[in-house]
Amino acid sequence: MTRRPLVAGNWKMNGHRAASAELDALIAAGRPDADVLLCPPFTLVASFAERASGSHVAIGGQDCHAAASGAHTGDISAEMLADAGASAVIVGHSERRADHGEDDSTVRAKAEAAWRAGLTAIVCVGETEAERDAGRTLAVVGAQLAGSVPDAASAANLVVAYEPVWAIGTGRTPVTSEIAEVHDALRASLASRFGADVADGVRLLYGGSVKPANAAEILALENVDGGLVGGASLKASDFLGIIAAA
Ligand code: PEP
C-alpha cells in the first residue's frame with residue numbers, strides 16, 4: 001500500500017498575525033509530493049484557513065475539548081475548529097498529557113470528538129526518557145495507542161504520531177533503528193486491532209527534533225509516513241526543507 005506522506009507543523013504557543021507570511025511562503029512554494037498541514041495556535045486557525053483556502057496547505061488545531069459545546073472556559077471544541085476551517089486536530093500531544101494531566105481515556109474522547117466534527121485525529125504517543133532507559137518503550141507506546149485510539153479508526157480519520165518525549169524540542173533524536181522498531185510495532189498493533197486494510201492505510205508520523213538535516217534519513221524509513229514538526233515548522237524555509245525530504 002502506498003501511503004501519501006504527511007508533514008504536519010505544530011506551532012504550539014507561537015505565532016502572531018504577522019506570522020501569516022510563513023504560511024504565504026509555504027503556499028507560494030507550490031504543491032509538493034506530500035500533504036502539508038499547519039497547526040497554528042487557535043487564534044490563527046480561522047484566518048490561516050481562509051488564507052490557505054484553495055491551496056495545498058491544510059490547517060489544523062493543536063487540541064480540542066471532547067464536548068461539542070458547554071461550560072468549559074478557555075476550551076475549544078472540534079466543531080469550532082471545523083467551523084473555523086480546520087481539517088485535522090492533534091490530540092494527546094505529550095505537552096497536553098504533561099501540562100494538563102490528559103490520560104489515554106481523555107485523548108480517546110478527544111479523538112472521538114474530532115471524528116464527530118469530521119476532522120482527522122492525529123493521536124500522539126511517546127515514551128519518556130526514563131521509560132526508554134527502563135526498556136519499556138514498546139509497552140508504553142503500545143498501551144497509549146490502545147487506550148487513546150477509539151474503535152472507529154480508519155485510514156481516513158486517523159494519523160498516529162510517535163513522539164519520544166525526550167526528543168521533543170531537545171535536538172536529540174532516536175537512531176533510525178529505534179524509530180523503525182517503534183513504527184513497525186505501531187503498525188502491527190493497528191493490524192491486530194483493526195485489520196490489515198486499516199493498518200496499511202493509517203499514516204504514522206515521527207516527531208521530535210525533525211529538521212531539514214535529519215528529515216531525509218528518518219522519513220525514508222518504511223513505516224514512517226511523514227513528520228510532526230515543532231520548532232522547525234515555525235520558519236517556512238526550514239519547514240520546506242523537511243517537506244522536500246518527504
Ligand atoms: C512536537 O512538539 O510535536 C515536536 C515534534 O517538537 P520539535 O520538532 O520542536 O521537537
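Quick caveat: nothing in here was measured; it's all calculated off a predicted structure. Just follow the structure's listing: the first ligand is 1, and inside any ligand the first atom is 1.
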**Request:** Taking the side chain as every heavy atom from C-beta outward, state whether E102 and H93 have any atom pair closer than 4.5 Å.
**Result:** no
**Request:** Check each of L228, L234, L38 against N10 using the side chain to side chain contact (heavy atoms under 4.5 Å, CB included) test, and report the only one that passes.
**Result:** L228
**Asked** Counting heavy atoms only, which of G230, P164, A232, C124 comes nearest to atom 8 (O) of ligand 1?
**Response** G230
**Request:** Can you label the angle between the H183 ring and the Y206 ring as parallel, tilted or perpendicular, going by 30° and 60°?
**Result:** tilted
**Message:** Within the 4.0 Å heavy-atom shell around H93, which atoms of ligand 1 are there?
**Reply:** 1 (C), 2 (O), 3 (O)
**Message:** Quick check on contacts: which atoms of ligand 1 are under 4.0 angstrom from a heavy atom of A167?
**Reply:** 10 (O)
**Request:** Run the numbers for me: atoms of ligand 1, each under 4.0 Å from some heavy atom of G208, listed by number.
**Result:** 5 (C), 10 (O)
**Prompt:** Got N223 and R3 here, is their nearest side-chain heavy-atom distance under 4.5 Å?
**Reply:** yes
**Request:** Work out whether the distance between some heavy atom of K12 and some atom of ligand 1 is less than 4.0 Å.
**Result:** yes
**Asked** Do the non-hydrogen side-chain atoms of Q62 and E95 ever get within less than 4.5 Å of each other?
**Response** no
**Request:** Among all protein heavy atoms, pick out the one at the shortest distance from atom 5 (C) of ligand 1; state its residue, atom name and that distance to 0.1 Å.
**Result:** E163 OE2, 3.0 Å
**Item:** Atom indices of ligand 1 within 4.0 angstrom of N10 heavy atoms, with elements
**Value:** 2 (O), 3 (O)
**Prompt:** Does ligand 1 have any atom that is closer than 4.0 Å to a heavy atom of G227?
**Reply:** no
**Message:** As an exercise, identify every atom of ligand 1 less than 4.0 angstrom from a heavy atom of G231.
**Reply:** 7 (P), 8 (O), 9 (O)
**Asked** Between T120 and R203, does a side chain to side chain donor-acceptor pair (under 3.5 Å) hold up when you go through it step by step?
**Response** CA-CA 11 Å; T120 299; R203 289 179 290 186; over 6 Å; no
**Item:** Within 6.0 Å of CG in D99, more than 12 heavy atoms from elsewhere
**Value:** yes
**Prompt:** Which atoms of ligand 1 are found less than 4.0 Å from any heavy atom of G169?
**Reply:** 7 (P), 9 (O), 10 (O)
**Per-atom contacts, ligand 1 versus S209 - under 4.0 Å to a heavy atom** = 7 (P), 8 (O), 10 (O)
**Message:** For the backbone of A34 and the side chain of R4, can you confirm whether one donor and one acceptor N or O come within less than 3.5 Å of each other?
**Reply:** yes
